[in-house]
Amino acid sequence: MQLEPVVVVFLYGLLTAVATGLGALPFVFVRSVSPRAVAYSNAIAAGLMLGASFGLVAEGSERGSVQTFLGTLLGIAFILVTQRLLGEHDLEIGQLRGAGARRMLLIVIVMTVHSFAEGVAIGSSFAGGLTLATLITAAIAVHNIPEGLAISAVLRPQGATIAACAGWSIFSSLPQPLMAVPAFLFVDAFRPALPYGVGFAAGAMVFMVFVELLPEAFEHARRPAVGLLASGSLIAMILFQALL
Amino acid sequence: MDPTLTVLLYSSLAAAAAALGVLPLVGRTQVPKVWIGWANAIAGGLMLGSAHALSGAGVELGPFSVAAGALLGVAFTYGTHRVSDTEDLDLNRLADTDPTYGSKVLLTSFLHSASEGVAIGVAMVINLPFGIFVALAIAVHNIPEATVLCAVLRGRGVGLGTAAGLAMAMNSGQVLLAVTVFAVLSAAPAAVPPVIGFAVGTLVYLVLVELIPESYREAGPTTIAVLTSLTMGVLILLHGGLS
Ligand SMILES: [Zn+2]
């Protein structure tokens with residue numbers, strides 16, 4: 001049976017989204033929710049997100065540094081506004097209220113938004129042939145796993161179940177199949193937007209790291225612990241991206 | 001010009017720039033606490049931007065050696081903090097006049113800028129224009145870092161001129177290491193990737209542990225996040241425009 005090309009593109013995107021859910025797996029073994037465990041988790045998430053943004057910016061700069069920078073500014077503004085909006089309402093997610101709930105919602109929003117750019121990358125990669133597309137899709141799928149890890153690192157210590165961590169991780173990557181299809185169909189229209197997209201994602205991630213994850217981490221854990229965990233996971237992420 | 005002279009010139013320029021850090025203290029005995037936070041955030045953004053540029057150049061040469069070097073850089077900085085008992089030290093206590101505190105701040109500052117000398121030296125080996133770019137970024141970042149140091153020194157009754165002189169002196173290790181690393185790596189190019197990693201690891205760890213934690217209390221997370229991500233973004237933009 002020969003599948004329609006559009007269906008193939010969608011399935012490839014869906015595969016990468018499901019891979020994000022694998023990031024929740026290490027947290028099967030983590031049950032402790034002490035403030036320090038939350039802090040450590042946030043430090044790891046901070047390193048992973050900083051590392052991911054390093055990769056995004058490098059990719060964006062190849063296509064246009066100015067566009068990437070403008071995208072970064074938009075990303076920062078986006079988080080500032082989202083944070084304001086979330087701060088004004090008394091948040092409640094399940095049992096959770098306040099800062100913890102805001103952080104959870106924010107990381108899911110940030111990671112979801114950044115998936116749009118990756119969806120575009122998957123879709124437009126098909127223009128270079130199926131082999132290239134398969135390579136890029138596999139790369140994005142594998143690279144999604146630590147992103148799911150970053151999300152789960154914030155959600156799990158707040159009491160979210162493994163299923164919820166995996167579910168929200170996959171949710172955050174759903175823009176990938178959804179964006180891959182239009183990007184594939186209108187590849188020429190989407191390509192110029194890519195540096196803005198990756199810049200936006202990088203700006204949002206770096207800002208999220210410095211405004212939410214690190215302050216929280218430093219509040220409940222000693223500096224060397226936060227520094228070691230965050231720089232260790234940053235280095236791992238850089239290596240990981242270089243090998244893909 | 002002899003490339004070693006170029007390295008010497010630009011790293012000395014970077015060290016000398018530290019003297020400008022005293023300017024915000026001219027005409028006042030102390031700066032507002034939020035300025036200290038801003039200074040830390042701007043310096044941190046420039047260091048992260050430099051780390052980004054270096055890691056980008058490094059992973060093309062050898063990702064595993066870069067990662068190994070980076071872990072070593074983190075471990076080394078952690079180790080020096082451990083040995084000097086400064087791993088949890090608040091480097092911004094403007095009113096602390098304890099002599100031990102003063103010597104610890106100076107020591108930390110010296111080691112901090114020496115590590116940045118490694119970044120300048122290895123960047124110069126990658127190619128001179130890139131090295132000059134990193135040296136200038138470090139030079140600019142030396143100014144806010146010196147402002148913080150001078151504010152601490154002023155709080156201890158040190159005069160303006162002496163504070164500016166000490167700020168420059170604390171950066172002498174930067175010149176020494178930039179020139180040494182450049183000379184050694186020019187002779188042993190195989191060691192370039194791990195040393196790039198070492199520079200990246202130290203830069204990142206120093207930002208996380210020395211600059212950022214205190215600044216949150218001084219200026220609040222939102223301001224710190226805006227300043228850090230913007231200065232980092234601007235530096236990356238400039239780097240992208242040059243290459
Ligand atoms: Zn510095």
Side-chain angles (χ1 to χ4, degrees), chain A residues 43 46-47 50-51 53-55 57-58 60-66 68-73 75-77 79-80 83-84 199 202-219 222-232 234-243, chain B residues 41 44-45 48 51-53 55-56 58-60 62-64 66-71 73-75 77-78 81-82 87-89 197 200-210 212-214 216-217 220-230 232-234 236-243:
Chain A
L50 265 183
S53 65
F54 269 33
V57 166
S61 301
E62 274 173 27
R63 296 160 198 265
S65 348
V66 178
T68 307
F69 179 69
L70 291 176
T72 307
L73 294 183
I76 294 171
I79 300 302
L80 266 175
Q83 217 190 6
R84 281 288 135 78
M205 284 208 252
V206 172
F207 193 74
M208 166 87 192
V209 165
F210 282 102
V211 83
E212 285 280 340
L213 298 180
L214 288 178
E216 203 286 335
F218 283 120
E219 208 166 297
R222 290 181 59 218
R223 284 167 209 221
V226 176
L228 288 172
L229 287 170
S231 32
L234 171 80
I235 293 164
M237 194 65 158
I238 290 177
L239 178 64
F240 189 65
Q241 286 171 322
L243 295 178
Chain B
L48 284 178
H52 174 264
S55 80
V59 290
E60 282 172 19
F64 281 106
V66 171
L71 289 177
V74 171
T77 314
Y78 171 75
H81 284 161
R82 240 350 247 277
E87 44 182 334
D88 272 314
L89 189 67
V200 171
T202 49
L203 285 170
V204 169
Y205 189 79
L206 286 172
V207 171
L208 287 172
V209 172
E210 288 187 2
I212 295 298
E214 240 54 70
Y216 283 130
R217 278 196 280 103
T222 305
T223 310
I224 295 307
V226 169
L227 285 175
T228 310
S229 43
L230 272 185
M232 185 180 165
V234 169
I236 293 172
L237 170 68
L238 292 174
H239 176 232
L242 292 178
S243 54

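Quick caveat: nothing in here was measured; it's all calculated off a predicted structure. Chain identifiers are assigned alphabetically (A, B, ...) following the order of the sequence lines, protein sequences preceding nucleic acid strands; residue numbering begins at 1 within each chain.
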(message) Distance check, rounded to the nearest 0.5 Å: B/L237 atom CG versus A/L70 atom CG?
(response) 8.5 Å
(message) Taking every non-hydrogen pair under 4.5 Å, which of A/V57, A/L243, A/T68, A/L228 racks up the most with chain B?
(response) A/L228
(message) Just to verify, what does A/R63 make a side-chain hydrogen bond (donor to acceptor under 3.5 Å, both in side chains) with, not counting sequence neighbours?
(response) none
(request) Select one option (side chain, backbone, both, neither) describing which atoms of A/F69 are under 4.5 Å from chain B's heavy atoms. (result) side chain
(message) Apply side chain to side chain contact (heavy atoms under 4.5 Å, CB included) to residues A/I238 and B/V66 and explain how you reach the verdict.
(response) CA-CA 9 Å; A/I238 290 177; B/V66 171; 5.6 Å; no
(request) Let me know if A/I76 has heavy atoms under 4.5 Å from chain B in its side chain, its backbone, both or neither. (result) side chain
(request) Report yes if the side chains of A/F207 and B/T228 come closer than 4.5 Å at any heavy-atom pair, otherwise no. (result) no
(request) Output the option from A/A202, A/A46, A/A236, A/S231 having the highest count of non-hydrogen pairs under 4.5 Å with chain B. (result) A/S231
(message) Using 30° and 60° as the class boundaries, would you call the ring planes of A/F218 and B/Y216 parallel, tilted or perpendicular?
(response) tilted
(message) Let's test your reading of the structure: which of A/S61, A/S65, A/A217 forms the most heavy-atom pairs below 4.5 Å with chain B?
(response) A/S65
(message) I need the minimum non-hydrogen distance between B/P63 and A/A242, along with the two atoms involved.
(response) CB-CB, 3.7 Å
(request) Mind checking side-chain hydrogen bond (donor to acceptor under 3.5 Å, both in side chains) for A/E216 and listing every partner two or more places apart, or none if nothing turns up? (result) A/N42
(message) Quick check: do A/F54 and B/V59 have side-chain heavy atoms less than 4.5 Å from each other?
(response) no
